[in-house]
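Because only heavy atoms are used, hydrogens play no part in the values below, and waters and symmetry mates are left out as well, while side chains stay in. What you see is a predicted model, and the numbers here were worked out from it, not measured in a lab. Numbering of residues begins at 1 and proceeds along the displayed sequence.
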Amino acid sequence: MRKNHRKIAASLAFAALASVTLAGCTAQELNGYMPGEPGTSDLGDMISTFWVNSWVVLLALGIFVWGLIIWATVVYRRRKNETGMPRQIRYHMPIEMLFTIVPIILVAGFFAFTARDQAIAEEVYTEGEMDVHIEVYGKQWAWDFNYLPVEGSEYDGDVYYQGVQAEEVRDENGDTTGEINEDELPTLYLPVGAQVTIDLKSRDVAHSFWVPEFHYKEDTIPGKTNHFSMVAEREGTYIGKCAELCGEYHSMMLFKVEVVSQAEYNEYIQSLRDEGNTGAVGDEANRNNQNPGTKVPVIEHDQAE
């Protein structure tokens with residue numbers, strides 16, 4: 001009975017210590033030092049949860065292994081008047097089984113949870129489920145966004161935006177300051193809480209569409225269309241970038257994502273329409289047409305993809 005009381009007391013003390021420790025953690029620490037905050041996007045929260053849980057399991061295993069190393073070092077240290085090699089242990093079946101079974105369980109568990117979350121992340125909304133459909137074109141070294149019309153949706157569409165490469169800020173002597181003019185970055189608008197499907201394409205070389213605070217990226221590959229769906233859950237401005245080395249000005253291939261209310265989103269779409277940006281810019285807007293004299297392979301995306 002006394003032993004049970006000790007176990008209960010030890011468990012309560014450990015739970016209290018863990019609660020106090022976790023209560024002192026910042027939002028960034030609870031998010032596993034991943035960029036952004038919880039509640040930014042549905043994909044981001046799922047991936048962040050997997051990341052944090054993985055670290056908790058691995059840290060607990062690491063503490064257990066480090067404890068065994070320290071214990072063995074202290075208990076089996078060489079003592080006074082001892083000479084020669086200590087007694088060697090071989091073919092200890094329980095330990096051999098532990099060293100074999102535990103890694104198999106860990107690898108199988110990580111594989112299962114990775115496959116589960118990846119399958120969820122790659123699910124794409126059907127035409128009846130999506131609220132907003134956006135076609136993103138990567139190009140050296142900027143981005144174009146086509147806001148495609150969605151039948152029956154309360155979100156506006158059928159307009160396009162063409163972005164330009166990031167511009168460096170220069171001082172009065174014409175020298176670069178190391179800063180970027182963020183006001184001129186290509187900007188993608190997303191309505192908060194809407195089910196968005198994004199088609200990713202490229203007009204020249206491989207790029208990668210990455211918004212670090214969404215914890216998700218997907219490649220844009222010439223001649224192939226990739227898709228992903230998501231829900232942006234927090235209004236705000238987020239910086240995106242190309243995550244695939246794509247040429248001389250790869251580092252300047254930046255963009256912004258503005259997550260806004262439905263009214264602000266529809267107002268922005270209308271502003272593009274007022275500027276005459278009706279419809280979409282597709283494969284035909286490649287640099288063979290935009291920059292004559294620069295040759296690249298002819299790329300045509302399958303519209304059925």
Asks: Given 3.5 Å as the limit, does a donor-acceptor pair link the side chain of Asn181 with the main chain of Asp183, or not?
Replies: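 Indeed, once roles are kept as given, a pair shorter than 3.5 Å links the two residues.
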Asks: For Glu129, is the CD atom crowded, meaning more than 12 foreign heavy atoms sit under 6.0 Å from it?
Replies: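 Atom CD in Glu129 is crowded, with more than 12 foreign heavy atoms closer than 6.0 Å.
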Asks: Do side-chain atoms of Arg77 reach the backbone of Ala72 as a donor and acceptor pair under 3.5 angstrom?
Replies: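 Answer holds: no.
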Asks: For Asn173, I'd like to know if atom CG has over 12 heavy atoms of other residues, nucleotides or ligands within 6.0 Å.
Replies: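 Yes, the 6.0 Å shell around CG holds more than 12 heavy atoms from other groups.
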Asks: Kindly determine whether Asp144 and Lys139 satisfy salt bridge (charged side-chain N to carboxylate O under 4.0 Å, His left out), including the steps that lead there.
Replies: CA-CA 8 Å; Asp144 291 345; Lys139 59 184 182 181; 2.7 Å; yes
Asks: Checking the side chain of Glu264 only, and the main-chain atoms of Ser261 only, is there a donor and an acceptor separated by less than 3.5 Å?
Replies: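 Confirmed, Glu264 side chain pairs with Ser261 backbone.
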Asks: State plainly whether one hydrophobic cluster holds both Trp210 and Ile198, where clusters connect Ile, Leu, Val, Met, Phe, Trp and Tyr through side-chain heavy atoms under 4.5 angstrom apart.
Replies: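 They do not share one cluster, since no chain of ILVMFWY contacts under 4.5 Å joins Trp210 to Ile198.
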Asks: Would the Tyr76 and Trp71 ring centres measure less than 6.0 Å apart?
Replies: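 Distance test on ring centres: under 6.0 Å, yes.
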Asks: For His207, is there any backbone N or O sitting under 3.5 Å from a side-chain donor or acceptor partner on His250?
Replies: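 A pair under 3.5 Å: no.
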Asks: State whether the side chain of Asn266 and the backbone N or O of Asp156 hold a donor-acceptor pair below 3.5 Å, judged by distance alone.
Replies: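 Checking the backbone N and O of Asp156 against the side chain of Asn266, a donor-acceptor pair under 3.5 Å is found.
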Asks: On a heavy-atom basis, which atom in Gly157 and which in Arg273 lie closest, and how many Å separate them?
Replies: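 That closest heavy-atom pairing would be O-NH2, 2.6 Å.
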Asks: With under 30° as parallel and over 60° as perpendicular, where do the rings of Tyr268 and Tyr189 fit, or are they tilted in between?
Replies: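 Tyr268 vs Tyr189 ring planes: parallel.
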Asks: Using modelled atom types only, decide if a donor and an acceptor are shared between the side chain of Glu82 and the backbone of Arg79 within a distance under 3.5 Å.
Replies: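 Between the backbone of Arg79 and the side chain of Glu82 there is a qualifying donor-acceptor contact (under 3.5 Å).
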Asks: Count the heavy atoms of every other residue, nucleotide or ligand shown that sit under 6.0 Å from CZ of Phe113, and state whether that count exceeds 12.
Replies: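 No, CZ of Phe113 has 12 or fewer neighbouring heavy atoms, counting only those of other groups under 6.0 Å.
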Asks: Is the shortest side-chain heavy-atom distance between Glu168 and Glu179 below 4.5 Å?
Replies: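 Result no, sub-4.5 Å side-chain heavy-atom pair not found.
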Asks: Could you tell me whether a side-chain N or O of Thr126 sits under 3.5 Å from a main-chain N or O of Val124, the two making a donor and an acceptor?
Replies: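 Looks like no, no N/O pair under 3.5 Å.
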Asks: Looking at Glu275, I want to see if its CD is surrounded by more than 12 non-hydrogen atoms of other residues, nucleotides or ligands under 6.0 Å.
Replies: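 Yes.
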Asks: Phe50 and Leu43: same hydrophobic cluster, using ILVMFWY side-chain contacts below 4.5 Å?
Replies: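 They do not share one cluster, since no chain of ILVMFWY contacts under 4.5 Å joins Phe50 to Leu43.
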Asks: If we ignore hydrogens and angles and just use 3.5 Å, is the side chain of Ser153 paired with the main-chain N or O of Val150 as donor and acceptor?
Replies: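 The answer is no, because no donor-acceptor pair under 3.5 Å joins these two groups.
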Asks: Report yes or no: do Thr237 and Glu258 form a side-chain donor-acceptor pair below 3.5 Å?
Replies: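 Glu258 and Thr237 do have a side-chain donor-acceptor pair below 3.5 Å.
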Asks: To the nearest 0.5 angstrom, please state how far the CH2 atom of Trp51 sits from the OG1 atom of Thr49.
Replies: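 Result: 13.5 Å between the selected atoms.
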Asks: Run Met253 and Trp143 through side chain to side chain contact (heavy atoms under 4.5 Å, CB included) and show every step you take.
Replies: CA-CA 8 Å; Met253 195 169 169; Trp143 305 86; 3.5 Å; yes
Asks: Less than 4.5 Å apart, any side-chain heavy atom of Tyr249 and any of Gln140?
Replies: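 Contact flag for Tyr249/Gln140 side chains = no.
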Asks: Evaluate the side-chain proximity of Glu218 to Ser208: yes if any heavy-atom separation is below 4.5 Å, no if none is.
Replies: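 Answer no - side chains too far apart.
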Asks: Do Ser54 and Val52 have side chains that get closer than 4.5 Å, going by heavy atoms?
Replies: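 SC-SC contact between Ser54 and Val52 ruled out.
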Asks: For the residue pair Val260 and Leu190, establish whether any side-chain heavy-atom pair is separated by less than 4.5 Å.
Replies: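 No, their side chains stay 4.5 Å or more apart.
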Asks: Which label fits Phe209 and Phe255: parallel for a plane angle under 30°, tilted from 30 to 60°, or perpendicular past 60°?
Replies: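 If you compare the ring of Phe209 with that of Phe255, the planes turn out parallel.
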Asks: Can you give me the closest heavy-atom contact between Ser202 and Ile221, atom names plus distance?
Replies: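 For Ser202 and Ile221, the tightest heavy-atom pair comes out as CB-C, 4.0 Å.
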Asks: Group every Ile, Leu, Val, Met, Phe, Trp and Tyr by side-chain heavy-atom contacts under 4.5 Å, then state whether Ile239 and Met252 land in the same group.
Replies: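 Yes: a chain of side-chain contacts under 4.5 Å links Ile239 to Met252.
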Asks: Quick check on the hydrophobic clustering: are Met34 and Tyr216 connected, directly or via other members, by side-chain heavy-atom contacts under 4.5 Å?
Replies: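 Same hydrophobic cluster.
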Asks: Starting from the C-alpha separation in whole Å, work towards a yes-or-no answer on ring-ring contact (aromatic ring centres under 6.0 Å, His included) for Tyr160 and Tyr147.
Replies: CA-CA 6 Å; Tyr160 67 87; Tyr147 298 87; 9.8 Å; no
Asks: With a 4.5 Å limit on heavy-atom distance, are the side chains of Asp171 and Thr176 in contact?
Replies: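 No, every pair of side-chain atoms sits at 4.5 Å or beyond.
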Asks: Side chain of Asp42, backbone of Met230: donor and acceptor closer than 3.5 Å?
Replies: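 Answer holds: no.
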Asks: Linking I/L/V/M/F/W/Y whenever their side-chain heavy atoms sit closer than 4.5 Å, directly or via other members, would Trp141 and Leu245 fall into one cluster?
Replies: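 Cluster IDs for Trp141 and Leu245 differ.
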Asks: Could you tell me if the side chain of Tyr137 sits less than 4.5 Å from the side chain of Glu135, heavy atoms only?
Replies: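 They are in contact (side-chain heavy atoms under 4.5 Å apart), so the answer is yes.
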Asks: More than 12 heavy atoms of other residues, nucleotides or ligands under 6.0 Å from NZ of Lys256: is that the case?
Replies: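 For Lys256, atom NZ is crowded (more than 12 foreign heavy atoms under 6.0 Å).
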Asks: Asp131 side chain to Gln195 main-chain N or O, any donor-acceptor pair under 3.5 Å?
Replies: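 It does hold such a pair.
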